[in-house]
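Read through the structure below, which is laid out as structure tokens, and then see the notes.
Chain letters run A, B, ... following the sequence lines, proteins first and then strands; every chain starts at 1. Remember, predicted model here, so these are calculated numbers, not experimental data.
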2 protein chains.
Amino acid sequence: MPGHHPARSRRTTERKGDVRERVILDTCEALLARKGYDAMTVGDIAQGAGITRGALYFYFGSKQEVVTALVARTVEHLWERSRATAQADEPRQAIAAAMRRTVELWNEHGLVMRTAIDLSLSVPEIGELWSRTADLFITAITAVLERAGVQPGTEPDQASAMARALCWMIERTFYHASQESREKLQKASSTCEHIWLVSAGLTV
Amino acid sequence: MPGHHPARSRRTTERKGDVRERVILDTCEALLARKGYDAMTVGDIAQGAGITRGALYFYFGSKQEVVTALVARTVEHLWERSRATAQADEPRQAIAAAMRRTVELWNEHGLVMRTAIDLSLSVPEIGELWSRTADLFITAITAVLERAGVQPGTEPDQASAMARALCWMIERTFYHASQESREKLQKASSTCEHIWLVSAGLTV
DNA sequence: GACAAAAATCGACGTCGTGTAGAGTTTGAA
DNA sequence: TTCAAACTCTACACGACGTCGATTTTTGTC
């Protein structure tokens, strides 16, 4: 997101600015945890990164751009992880694996994910990023449901519609649980997994 | 929320200020729809209500207080409506009735409800208001689940935990659907109802 | 209907955070 | 060495917020 100076591609040695950029994002993440988005000021970020406001505006055009870059960095990581996870064939296993992975993601990046959700409305760029991420999950859930025998086409239990609802359930449940504690997150995961299983027709 | 002058209770004739207060909230709601929370300024609200900024600060201490009052007004209405709805005995009927009512509420007050959700984090007062509202729904869902035979105590399918997850599913699904169209809202409702039914063990 | 108290309104002010401008310094490749 | 780019800083202008004190209008009472 270094919008100002386009030609900083193909390069072996790391520019000083690349480091700064990373430090800025790290600082932003820390401040987000400590003060929250509204209370966090551009001056705070700059100070935390050891530069002045003026210098920060060389890297990012606004406070929103900083946070957008932070979200982008995190979301990038989510996508990587999603790609890396092998798709199990057996629905029960697939569901268990997916929930396990989701718990991990929220444990590691809960703060930024919550921020992304919160800012999805006011910062369209972030909204886009998050919605693309959600679509990834919805697609995956849909696949599992269909493999478990849920009809792809008939309303209202068509797989994709159900997948969407289940995705929002997981998002919101984890959103809240991740604010509390790891234990809550684990319990929330169990509950969501159970509902997912039942919805897939895999009753115990 | 007329915090400034406490002793305005028991009164038959309506003060001029009571009208203004209502006009301010109405204006705020309209602006919220047109520009969104961030873009909406205190000056905008005042101008829309036909007064100056200074006058508005006589009624409310801040922009947040105005929106909080608006949310409070709406939430009050939700509670009223919830109380008025008779609790059907038969689970299937109860679920159908609840979803029907939820669709109505989101159709009428979707904008303010979405705003309440968005500001739950940054405005603690609103967070409290909304969380209390959610608890109402969770309690209701729990009751239905238990009446349908879901164990109240055993993990992870204890009724209250499932109810919480289902509540968040409905909230988030309706949140998104109500931004699109009434049709989407209706479809979303069907899907949520289906998942709720299945979760209650009332498989078709 | 007059009059005092309360309610309501206004305009001006100080503060804070944002984003921009321009000038100066460092870095690195030719 | 030199020159352009990458980088940094201080200073400024703007907009929104919230406060203050003075002033006008409304309200209830005699």
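The two residues B:L202 and B:P91 have their closest heavy-atom pair at CD1-CB, 3.9 Å. Scanning both residues, B:S178 and B:L185, for their nearest heavy atoms gives N-CD1, 3.5 Å. Closest approach of A:F174 and A:C192 over heavy atoms only: CE1-SG, 4.2 Å. Shortest non-hydrogen contact noted between B:L166 and B:S199 is CD2-OG, 4.1 Å.
Residue A:D38 contributes atom CG, which lies 17 Å from atom P of D:dA16 at whole-angstrom precision. The CZ-C1' distance, from A:R22 to D:dC7, rounds to 17 Å in whole Å. Residue A:Q64 contributes atom CD, which lies 17 Å from atom P of C:dG17 at whole-angstrom precision. Between A:F60 atom CZ and C:dT20 atom C1' there is a gap of 18 Å when expressed in whole angstrom units. With rounding to whole Å, A:F58 atom CZ is found 17 Å from D:dT10 atom P.
Applying the 4.0 Å criterion to OP1 and OP2 of D:dA6, one finds that A:R20 has every side-chain N and O outside that range. Regarding contacts with the backbone of D:dC17, every side-chain N or O of B:S62 stays at 4.0 angstrom or more from both OP1 and OP2. Phosphate contact (OP1/OP2 of D:dC17, side-chain N/O of B:T41, threshold under 4.0 Å): present. The phosphate of D:dC20 (OP1 or OP2) has no side-chain N or O of B:Y57 nearer than 4.0 angstrom.
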Please produce a list of atom pairs where a protein N or O lies less than 3.5 Å from an N or O of nucleotides 21-26 of chain D.
none

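In this structure, the side chain of B:H77 does not engage the main chain of B:R73 through any donor-acceptor pair within 3.5 Å.
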For this session: Carefully, step by step, assess B:Q158 and B:S160 under the rule side chain to side chain donor-acceptor pair (under 3.5 Å).
Result: CA-CA 6 Å; B:Q158 64 171 292; B:S160 71; 3.2 Å; yes
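Of the residues in residues 46-56 of chain B, those lying under 4.0 Å from DNA chain C by heavy-atom distance are B:I51, B:T52, B:G54, B:A55.
By the 4.0 Å N-to-carboxylate-O rule, B:E128 lies close enough to B:R132 to be salt-bridged with it.
The number of heavy atoms from other shown groups lying within 6.0 Å of CZ (B:R81) is above 12.
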Anything under 3.5 Å between a donor and an acceptor, one on a side chain of residues 139-146 of chain A, the other on a protein residue two or more places apart or in another chain? List them.
| residue | atom | partner | partner atom | Å |
| --- | --- | --- | --- | --- |
| A:T139 | OG1 | A:D135 | O | 2.8 |
| A:T142 | OG1 | A:I138 | O | 2.7 |

